[in-house]
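Comments concern the structure below.
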Amino acid sequence: MLEVNIVGQIEKQLKEGIEQAVIKAELASPEEMPEVVLETPKDKAHGDYATNMAMQLARIAKKNPRQIAEEIVANIDQEAASVKEIEIAGPGFINFFMDTSYLTDVIETIFDQGSDYGQSNNGEGKRVQIEFVSANPTGTLHLGHARGAAYGDTLANVMEKAGYQVEREYYINDAGNQIDNLAKSIEARYFEVLGEEKEMPEDGYQGRDIIELAKQLVEEHGDHFLQQEEEERLQAFRKYGLDYLLDRIKQDLEDFRVPFDSWFSETSLYTNGLVEQAVETLRDKGYIYEADGAVWFRSTDFGDDKDRVLVKQDGTYTYLTPDIAYHQNKIDRGFDQLINIWGADHHGYVSRMQAAIQALGNPKDILDIKIAQMVNLFENGEKVKMSKRTGKAVTMKELIEEVGLDATRYFFIMRSNDSHLDFDMDLAKSESNDNPVYYVQYAHARICSMLRQAEEKGIHVEDEVNLSLLTAEKEVDLLKRLGDYPQVISEAATKKMPHRIPQYVFDLASDLHSFYNAEKVLDLENIELTQARIALMKAVRTVIADALDLIGVHAPDQM
RNA sequence: GUCCCGGUAGCUCAGCUGGAUAGAGCAACAGCCUUCUAAGCUGUCGGUCGCAGGUUCGAAUCCUGCCCGGGACGCCA
């Protein structure tokens, strides 16, 4: 089955009708034809669709837009385009009032497709890899990671639904300085737990999680490591620390409903010689030079601010070097598109990474780097800076425990990723209609409740329901909204804006509540209409549940 | 100083490929429960779209400059 998208079909029909009318009226040749722009007017009085075609043609046809509009209208085949009424307005807008009987088809489509409704082949099966979170395994996931996790996971869901083949990957920085540092930090805490003296490294990890780790180490192994040579001991702590912290990260992500398909180890890049190879490739292509005892990448050739060091004076690599190798490896794995989701604190790193991609001979736009902007927590109207418990940044786990999983997911995805986010914890926790999560979930529960009562009252929905009875204003609003869903999905996917989903589902919930207050669904006096409305309710329920599922929020049957 | 993100109603934010009178929620105000969950609905009030130029028939949207807020500018990761 190809794309079943009623609204899309209708729009396509109308666009073709307009193009044909333009040609028939000899206003423009097919080569000159501007793209037909259809918009849905904000004001219902302006029809279901409007086009600015006449204004666009003003220059080509050398006539005034109103006159052009009249000629288009005179030549359009209304019936073929399902148009009921046309009017010309303002400077030359053509407003179309559609024959809305097609709208009820959306219910049947939703029944046929169930949770597949909204799916499209927009992505044409392209292989996309989304790399996100990728926090260093030197501590616990905190607030910023949570936003990236929610954004990445929802984007992946949405893109899958829009016909992309998506792989979710986590890059584990298990090599380099910070891991040595981790081992030394663990060592210092280990000694401390055993009442011995050992200095904490200068940039050591002070977090509470490292103290807990050290305690567990003592519980399991006693003072065993005190006897060892320092080298040997640090080696053991490295491994122990990595395993311990990575396990916790994995657990936290699982608890946040964020699954990954693959976990890619930085160390593997070294053992497979890929880091060395990346440097050599760049050298062969002439983007490498040596200065001050270091090896440099001439990234300024590709728009970076300054050139970057790849191999330091001491012979070790900078962070960038394995990262270049990593990205080349991703491309070599055959993905059509790479998406990286980075925290705001890494945005200065974007241009050098993109320079490297190009220097290696790849198209620039194969890599799209999205930035998850800063998050500020607010509680009791005040900005929360430090966690009460750890004295460090608030962890993801603490946030979920405090405000709940559903609200946390919803709030992170509610806003555009590149907007700073003020996270209102009081609102997220409140069980009131002010809280958008509850508002939407309640709409779902409300429908479930109606359906339960329908059953209790012995109302059974027949196979043949007369959907043409759904003509009330609020019903038409709901039908149109349901029809929008496939387009919302594909647009959220192609523009990588998953925040469109909570926006949409909020509007759908709002339409539902409004309908609920205006019309009575269960009416034993009018079984035929009741059945049509129950069908509508079921369709709405399916779409709310699916949209919530995309953003990782539960759709409760009752509240 | 350079670069990135943001600046839209009192607050938090939407605003598509440039389109008609710039939207939503909250707050404020006025209403709605003998009716399927009031965790809901309806209405009113509220805007120099940071500022100034430019492009265009038309700019919140595109271009340039400036102002404000946040962030990044390491042979750290």
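Proteins get letters first, then strands, A, B, ... in listed order; numbering begins at 1 in each.
Residue-level contact check: A/Ile371 touches neither bases nor backbone, having no heavy atom under 4.0 Å from any strand. A/Tyr439 comes within contact range of the sugar-phosphate backbone alone, with a heavy-atom separation under 4.0 Å but no base atom that close. When heavy atoms are screened at a 4.0 angstrom cut-off, A/Ala344 is found touching the sugar-phosphate backbone but no base atom. Counting any heavy atom pair closer than 4.0 Å across all strands shown, A/Asn181 reaches no nucleic acid atom. Residue contacts shown for A/Gln313 include a base, since a base heavy atom lies under 4.0 Å away. Nucleic acid contact for A/Glu455: none, since no nucleic acid atom lies under 4.0 Å from a heavy atom of the residue. Looking at heavy-atom distances under 4.0 Å, A/Gln558 makes contact with a base. The residue A/Gln453 sits close only to the backbone: its heavy atoms come under 4.0 Å of sugar-phosphate atoms, none of a base.
Taking only side-chain atoms of A/His513, from C-beta outward, the nucleotide of B/rC41, B/rA77, B/rG74 with the closest atom is B/rC41. If you check B/rU2, B/rC36, B/rA14 against the side chain of A/Asp305, the one that comes closest is B/rU2. With B/rC26, B/rC41, B/rC13 as the candidates, the nucleotide lying closest to the side chain of A/Ser514 is B/rC41. Of the candidates B/rC75, B/rG70, B/rC16, the closest approach to any side-chain atom of A/Trp296 belongs to B/rC75. Looking at the side chain of A/Arg415, the nearest of the listed nucleotides B/rC36, B/rG19, B/rU12 is B/rU12. Among B/rG69, B/rG19, B/rC75, the nucleotide with an atom closest to any side-chain atom of A/Met55 is B/rG19. Of the listed nucleotides (B/rC16, B/rA39, B/rG6), B/rA39 has the atom at the smallest distance from the side chain of A/Met559.
By the 6.0 Å contact criterion, CD on A/Glu280 is enclosed, its count of non-hydrogen atoms from other residues, nucleotides or ligands being greater than 12.
The gap from the C1' atom of B/rC49 to that of B/rC62 amounts to 16 Å, rounded to the nearest Å.
Atom NE2 in A/His347 sits about 11 Å away from atom P in B/rG6, given to the nearest Å.
Residue-to-nucleotide proximity on RNA chain B shows that, of A/Gly176 and A/Asn95, the 5′-proximal contact is made by A/Asn95. Nucleotides of RNA chain B nearest to A/Ala509 and A/His499 differ in position, and the one nearer the 5' end is that of A/His499.
Shown here, B/rC33 is classed syn by the O4'-C1'-N9-C4 or O4'-C1'-N1-C2 angle, which is within 90° of 0.
Side-chain N/O atoms of A/Arg308 include none lying less than 4.0 angstrom from OP1 or OP2 on B/rG74. Between A/Lys306 and B/rU2 there is no side-chain polar atom (N or O) within less than 4.0 angstrom of OP1 or OP2. Regarding contacts with the backbone of B/rA77, a side-chain N or O of A/Lys312 is found under 4.0 angstrom from either OP1 or OP2.
Between A/Tyr170 and A/Phe264, the ring center distance fails the sub-6.0 Å criterion.
A heavy-atom distance below 4.5 Å is found between the side chains of A/Phe93 and A/Asn52.
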Legend entry - Pair A/Lys480-A/Glu475, salt bridge (charged side-chain N to carboxylate O under 4.0 Å, His left out): steps then yes or no: CA-CA 9 Å; A/Lys480 283 184 178 169; A/Glu475 288 160 353; over 6 Å; no
